[in-house]
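No hydrogens, no waters, no symmetry mates; every other heavy atom, side chains included, goes into these values.
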Amino acid sequence: MAADLSFPEQDGVSRSVSDTAPAHCIVKIQLFSQLAKNNIESYTSSDFEAGGYKWKLVVHPNGYKNKGITDHISLYLVLAESNSLNPGWEIRAFFRLFLLDQNKDNFITLQDTTEHGRRFHGMKLEWGFNKFIPLVAFMDPSNGYLVNDTCVFGAEVYVCREKLSGKGECLSMIKDPITYKSTWRIDNFSGITDESADSKPFSFAGQKWKIQVYPNGKGSGLDSYVSLYLTLAEPEKLLPKTKVYAEFTIRILDQLNRNHYFGTANYWFSASNPTCGWPRYVSQGYIVSSAAGLLVKNICLIEAEVKVHGT
């Protein structure tokens with residue numbers, strides 16, 4: 001005897017039967033029972049494109065446990081690659097999710113009936129149905145949804161409104177930030193003929209950084225001081241409006257007495273403001289002083305210590 005298919009009504013949800021396959025995504029799952037046997041709580045499809053955006057279909061074979069669902073299949077549509085969008089983005093979309101009835105060769109569909117479509121944004125990337133179909137009905141092969149341990153889900157997505165500009169940002173603080181150190185050895189400091197010299201880039205906290213020195217000074221330090229900076233090596237690769245909050249110390253190491261010369265700062269690094277430091281870091285007279293130990297046999301050791309607190 002077939003399981004009861006008189007599904008309970010859900011507010012804002014329309015059920016129907018379609019003879020047409022879903023236009024944008026079809027996911028076939030073979031050996032469906034192995035998901036539960038291997039404690040796999042969800043399966044996420046590969047990306048598919050609809051309305052100019054990339055999406056994923058997520059199946060919870062025994063219900064979405066985080067929402068207390070245990071007796072239904074849960075099925076959701078998720079916006080993928082949202083990190084590539086500006087912080088203020090917003091997309092509204094209508095969507096239908098499908099399940100193939102293999103006996104009748106048609107699809108049952110659930111459609112969200114919200115008047116203006118569901119709103120996808122940075123804090124809400126997922127919409128769908130906690131109770132897509134009761135597990136009892138789904139598991140009964142006479143209903144045609146799971147046949148030979150195989151089932152087929154699908155999705156259609158229609159973007160009806162989008163907002164991709166406007167101001168918006170997201171700050172993610174780091175609870176226990178780690179500290180990174182990089183030491184730059186300059187073997188012929190007095191032989192630097194260019195206005196400035198850069199260390200080799202070093203990677204830390206998802207960014208590339210470098211130390212920048214102006215032996216004859218820069219700005220207010222020109223001709224009297226050595227200017228020293230920490231800078232993003234590839235600021236153009238930052239996403240729009242992204243900022244990196246870092247605490248950093250730059251030291252010129254005292255090679256004789258370990259009485260290192262240092263400066264410490266905090267700064268929001270960004271694509272438009274990728275550099276922070278000191279135009280008057282150390283006087284030219286002091287750095288060449290033999291007693292200072294900062295320049296020994298024309299070798300200068302500069303150390304950057306960086307701790308990223310948030311992005």
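Using a 4.5 Å heavy-atom threshold, the side chains of I69 and K131 count as touching. When side chains are defined from C-beta on, V59 does not count as touching L35, because their heavy atoms never get closer than 4.5 Å. Counting only heavy atoms from C-beta outward, the side chains of V244 and Q207 approach each other to under 4.5 Å. Residues L230 and C276 have side chains not in contact (no heavy-atom distance under 4.5 Å, counting atoms from C-beta outward). Residues R251 and E305 meet the side-chain proximity criterion, which asks for heavy atoms closer than 4.5 Å. Side-chain contact between V58 and H60 is present, with at least one heavy-atom pair separated by less than 4.5 Å.
Looking only at distances, a side-chain donor or acceptor of E156 sits under 3.5 Å from a matching main-chain atom of A23. Here the side chain of H260 pairs a donor or acceptor atom with the backbone of D254 at under 3.5 angstrom. A donor-acceptor pair under 3.5 Å is absent between the side-chain atoms of S74 and the main chain of G63, judged by distance alone. Judged by distance alone, the side chain of S227 and the main-chain N or O of P279 form a donor-acceptor pair under 3.5 Å. Side-chain atoms of D149 come within 3.5 Å of backbone atoms of S33 as a donor-acceptor pair (strictly under, hydrogens ignored). Judged by distance alone, with hydrogens and angles left aside, the side-chain atoms of Q255 form a donor-acceptor pair with the main-chain N or O of I299 at under 3.5 Å. Without hydrogens or angle criteria, T275 side chain to T231 main chain gives no donor-acceptor distance under 3.5 Å. Panel note: side chain N298, backbone S190; a donor-acceptor pair is recorded below 3.5 Å.
Among all heavy-atom pairs drawn from L146 and M139, the shortest one is CD2-SD, 3.8 Å. Of all the heavy atoms in E247 and N266, the pair that sits closest is CB-OD1, 3.2 Å. Between F204 and I178 the shortest heavy-atom distance is CZ-O, 3.3 Å. Closest non-hydrogen pair, S220 versus R280, comes out as O-NE, 3.1 Å. When all heavy atoms of L135 and P61 are compared, the closest pair comes out as CD2-O, 3.3 Å. The minimum heavy-atom distance linking C160 with F94 is given by the pair SG-CE1, 3.7 Å.
Note: the hydrophobic cluster containing V147 does not contain I29 (ILVMFWY, side chain heavy atoms under 4.5 Å, direct or indirect links). Hydrophobic cluster membership differs between I252 and Y225, with clusters built from Ile, Leu, Val, Met, Phe, Trp and Tyr side chains linked at under 4.5 angstrom. No chain of hydrophobic side-chain contacts below 4.5 Å, direct or via other Ile, Leu, Val, Met, Phe, Trp or Tyr residues, connects V288 to V296. Note on V27: it clusters hydrophobically with I73, by side-chain heavy-atom contacts below 4.5 Å among ILVMFWY residues. Using a 4.5 Å cut-off between side-chain heavy atoms of Ile, Leu, Val, Met, Phe, Trp and Tyr, with links allowed through other members, F189 and L301 fall into different hydrophobic clusters.
D140 and S142 are linked by a side-chain donor-acceptor pair at a separation below 3.5 angstrom, with hydrogens and angles left out of the test.
Ring centroid separation for the pair F269 and W209 comes in under the 6.0 Å cut-off. Here the two rings, on Y267 and W278, have centers that are 6.0 Å apart or farther.
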Practice problem: In sequence, state the C-alpha distance, the side-chain angles, and the governing distance for I186 and V213, and then conclude on side-chain contact (heavy atoms from CB on, under 4.5 Å). | Solution: CA-CA 10 Å; I186 304 174; V213 64; 4.3 Å; yes
Exercise. For the pair F48 and V157, evaluate side-chain contact (heavy atoms from CB on, under 4.5 Å) and give the outcome as yes or no after the intermediate values.
Key: CA-CA 10 Å; F48 65 92; V157 188; 4.1 Å; yes
Self-check item: Pair L99-L75, side-chain contact (heavy atoms from CB on, under 4.5 Å): steps then yes or no
Solution: CA-CA 10 Å; L99 174 62; L75 193 61; over 6 Å; no
Quiz prompt | Stepwise side-chain contact (heavy atoms from CB on, under 4.5 Å) check, I287 with Y281 | solution = CA-CA 10 Å; I287 195 173; Y281 182 83; over 6 Å; no
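Within 6.0 Å of the CG atom in N38, the count of heavy atoms belonging to other residues, nucleotides or ligands exceeds 12. Under a cut-off of 6.0 angstrom, the local environment of NZ in K124 is crowded, with over 12 non-hydrogen atoms contributed by other residues, nucleotides or ligands. The environment of D105 atom CG is sparse: at most 12 non-hydrogen atoms of other residues, nucleotides or ligands sit within 6.0 angstrom. The number of heavy-atom neighbours closer than 6.0 Å to CD of Q34, taken from other residues, nucleotides and ligands shown, is above 12. Other residues, nucleotides and ligands contribute more than 12 heavy atoms inside 6.0 Å of the OH atom of Y158. No more than 12 heavy atoms of other residues, nucleotides or ligands lie within 6.0 Å of NZ in K237, so this atom counts as exposed by the packing criterion. Other residues, nucleotides and ligands contribute at most 12 non-hydrogen atoms within 6.0 Å of the NZ atom of K28.
Annotation: the span from R92 atom CZ to H121 atom NE2 amounts to 8.5 Å, rounded to 0.5 Å. Considering CD1 of I211 and OG of S199, their distance stands at 4.5 Å, rounded to 0.5 Å. Taking CZ of F138 as the start and OH of Y145 as the end, the distance is 10.5 Å to the nearest 0.5 Å. To the nearest 0.5 Å, the span separating CG on L31 from NZ on K37 amounts to 9.0 Å. Taken to the nearest 0.5 Å, the OG atom of S18 stands 12.0 Å off from the CG atom of D101. The OH atom of Y180 sits 7.5 Å away from the OG atom of S203 when rounded to the nearest 0.5 Å.
Relative orientation of the Y229 and Y214 rings is perpendicular, given thresholds of 30° and 60° on the angle between their planes.
When hydrophobic side chains of Ile, Leu, Val, Met, Phe, Trp and Tyr are connected at separations under 4.5 Å, F107 ends up clustered with I26, F98, L100, V152.
Residues passing the side-chain contact (heavy atoms from CB on, under 4.5 Å) test with Y286, sequence neighbours excluded: Y261, V282, S283, A292, L294.
With L97 as the partner, the side-chain contact (heavy atoms from CB on, under 4.5 Å) test is satisfied by one option alone out of F129, Y76, W127: F129.
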